[in-house]
Amino acid sequence: MWSAYLNGDSGLIHAPTGTGKTYAAWLGPLMEWVRDNPPPYDSVKRKNSEPLRVLWITPLRALAADTAAALTAPILDLNLPWSVETRTGDTSMTVRNRQRSRLPSALITTPESLSLLLTRPDCADLFKSLRAVIVDEWHELMASKRGVQVELGLARLRRFAPGLRVWGLSATIGNLDTALHVLMGEGGQGKLIRAHVPKQIQIDTLIPAQIERFPWVGHIGLKLLPDVIREIDQHQSVLIFTNTRAQTETWYQAILDARPEFAGVIALHHSSLEPEVRHWVENALKAGQLRCVVCTASLDLGVDFAPVERVFQIGSPKGIARLLQRAGRSGHRPGVASRITCVPAHAFELVEVAAVRDAAAHGEIEARPPLDRPLDVLVQHLVTVALGGGFESAELYVEVRTTHAFRDLMPREWDWCLQFVVSGGEALSNYPQYQRVIQRDGRYVAEDTFLARWHRLSIGTITSDPMLLVQYLRGPKIGYIDEAFVARLKSGDKFTLAGKVLQFVRLREMKVWVRRAKNGKGIVPRWTGGLLPISELLTDAIRVKLDEARTGKFDSPEMLAVKPILDLQDRLSYLPAAHELLIEQLTTREGHHLFLYPFEGRIVHEGLGSLLAHRLSRRAPITFTIAANDYGLELLATDPLDLQAALAEGLLSTEHLQQDILSSLNATEMAKRQFRELARVSGLVIERFPGGQKSSKQMQASSGLIYDVLAKYDPDNLLLEQAQREVLQRQLESSRLFRALGRLHPANIVLRQIARPTPFGFPLMVERLRQTVSSETLEDRIRKMQLSLEKWADEHG
DNA sequence: GACCTGCTGCGGGATG
């Protein structure tokens, strides 16, 4: 039945989460199609007279190689006159040179490398015989700028090869219809083919034996280490997912300390390890040589290893889809459900797990919203197309508007982008490097070879903070750590990386030189990475679980386990219903605390914190310290405040929300930081040169400088506007904040004066201390808090 | 009694 899909239609195939599905779903039909559609064969040259017929786009280089191998085998078997090649960053120069004049019958590539192909002056010719495009892991690409890059590329290919069929493959997401629509482009039609095999997934939890002794706060989760070790003892292959790189290092070390005999059969995997180290782990995992691997999301996708026996998730699952994806790494045997066991790092995560399981059982799964009009990506694309044969404005405008991302692109915006690549805009017109495109005989083209090279170097939409390579004095590279972390190291300091204790020797040539530490423990590096937000569906589900607990419904082992703590919360304060907002007021020697628990995720709470501080201080001059976590926020003031009056005056009103948020935060500074990505993507600055790297500071300075120049001399620059939009959407999740405030109607507010911190509030107090003091003093402070709590308990029996 | 955080992904090509 699958082969029918390639004959005439386009569409999206939903393949439920789990590795291997991609090839199962596609190889068969693709092979049939390949067999039934032999390319015209040139017997003299012994080659296809029509080159490229199938283009396969994948988000990962590793998948490109695997796919090529999987395609090649049956083609050799059938002895078909087809060639299969990859074109990614690591494709050899020999192959790449061959591909300059002639593409293979099937090409497997990444979005970035597709764009690079589109910069070739003869690309119209290269792609004119293309019959089908397959976009693998479309759900991964869609909601990002990489997805928009694919959309623009597909629009190009549809023009070069009219009648082109486009098929996507997507795991389960909440908006498959949208995913289809975005892939097909505006006006395009396609079929959505949903898999009908319901996947059985079991989610359970390691329940702490004594909830009274279980932490209320913290994220590392080592409290349950013995229970995890017991599981490793009983199984042949175990995968342990964590939420951060540091957590991976910590857990690896802790397991090895407890079971030294595991040395050699336990490994770790995260993005800051040297690729060679990662490949070693991946291959050993494939070969079944490892008993246990501790990893981050770096093993979520990509590596096609055999399913493991047991999968664990340490700490918050953060999202429903994410946990299901990870569960899918286990138990693929027929009739056996995939299973994941959550290991809570603190008590409240028990509620999270119960919430995820309920949401998953109701078929709820996060949607991935596509982006709207990222002009930086369009600017990059314009230069790409100018290099790739040039364009005529009206024609390309129509083509670009066939993409979902730019379907509503106004002529005014189009003209601005065009003008921007031609002149550099109002402020930058004196700099020749920003005059990238010229007009010749009514067409827009790019000819300068230096600018062409510059552009090819800056293709892509992924930006990352630069890190420093860590290498043995006499030996191999190990991995990467943050500049900020290195700055704190003195010669002789020990730290861990890739599970090894290393001794810092010196920093030279932008490399961190180390030797193996003879003994002792090293500090675990802190990487400043992305802030992984808890999903909106999950926070919704958490509020439902609390609501149930309030009415006495404890329907799972997790909820039963956490009951004593929820009871304590209720006794000391209140357990809010799903539609209620609990606000606690507490006075201590520190000052006047205000705790709010919207359960909307950290980002929203941070925004809400500054919004409320801003609005409160407008009533009367007062300063606050703000702390937030995924469940709530704390405002600490030195002076008392009249909360009732403030609420009556619209403290939580949605009126002037955007204005108030922007003026409550250092919005300019945030936009400036966000602009860094836009400057990179739109080609205003370049962050890497082959051979020598430009340091982060220079990069930072130049994008910051450009921001200032634009803000002063070209304030209408649309990229500035976009930077502000991206800050609101990504760094503040403003739509979620808006929705939250809509829910937090004054009528639903429950105000409680409390005498001591509650289970909800205590973690926020710790969080605030963490922000303001060093780690040593933090320990002291927490001890003091403890003592005062004990004293309070003594005094009050 | 409660403790320190922060994911993933890509990418150049002349000449001999």
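Because the structure is predicted, anything quoted here is derived from the model rather than measured. Lettering follows sequence order; numbering is per chain, from 1.
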Compare the minimum distances between each of B/dG6, B/dA14, B/dT8 and the side chain of A/E767, then state the nucleotide with the smallest one.
-> B/dG6

Below 4.0 angstrom from OP1 or OP2 of B/dC10, is there any side-chain N or O of A/T88?
-> no

Starting from the C-alpha separation in whole Å, work towards a yes-or-no answer on side-chain hydrogen bond (donor to acceptor under 3.5 Å, both in side chains) for A/E274 and A/Y480.
-> CA-CA 7 Å; A/E274 176 63 19; A/Y480 300 84; 3.2 Å; yes

Starting from the 5' end of DNA chain B, give me the residue, A/E212 or A/P533, whose nearest nucleotide shows up first.
-> A/E212

Report the relative orientation of the aromatic rings in A/F348 and A/Y631; use parallel for angles under 30°, tilted for 30 to 60°, perpendicular for over 60°.
-> tilted

Measure distances between side-chain N and O atoms of A/R61 and base N and O atoms of B/dG11, and say whether any donor-acceptor pair falls under 3.5 Å.
-> no

Please determine if a side-chain N or O atom of A/S271 lies less than 4.0 Å away from the OP1 or OP2 oxygen of B/dT8.
-> yes

With a 4.0 Å cut-off on heavy atoms, is A/H346 in touch with a base, just the backbone sugar-phosphate, or nothing at all?
-> nothing

Listed once per pair and sorted, the side-chain hydrogen bond (donor to acceptor under 3.5 Å, both in side chains) pairs that draw on residues 525-535 of chain A, sequence neighbours left out = A/S272-A/W527, A/E366-A/S535, A/D482-A/T528

Is there aromatic stacking of A/W216 against B/dG1, centre distance under 5.5 Å, plane angle under 30°?
-> no

Under the side-chain hydrogen bond (donor to acceptor under 3.5 Å, both in side chains) test, residues paired with A/K521 that sit two or more places apart = A/D257

How close or far is atom P of B/dC10 from atom OH of A/Y480, stated in whole angstroms?
-> 13 Å

Where the side chain of A/A297 is defined as all heavy atoms beyond and including C-beta, which of B/dC4, B/dA2, B/dT8 is the nearest nucleotide?
-> B/dT8

Touch check for A/R278, heavy atoms < 4.0 angstrom, all strands: base, sugar-phosphate only, or nothing?
-> sugar-phosphate

Residue-phosphate contact under 4.0 Å: A/H270 side-chain N/O, B/dT8 OP1/OP2 | no

OP1, OP2 of B/dC7 versus side-chain N and O of A/R322: anything below 4.0 Å?
-> no

Any A/R100 side-chain nitrogen or oxygen under 4.0 Å from OP1 or OP2 of B/dG13 | no

Counting only side-chain N and O atoms of A/R245, is one of them less than 4.0 Å from OP1 or OP2 of B/dT8?
-> yes

Identify whether any heavy atom of A/S113 sits under 4.0 Å from a base atom; if not, whether one sits that close to sugar-phosphate; answer base, sugar-phosphate or nothing.
-> sugar-phosphate

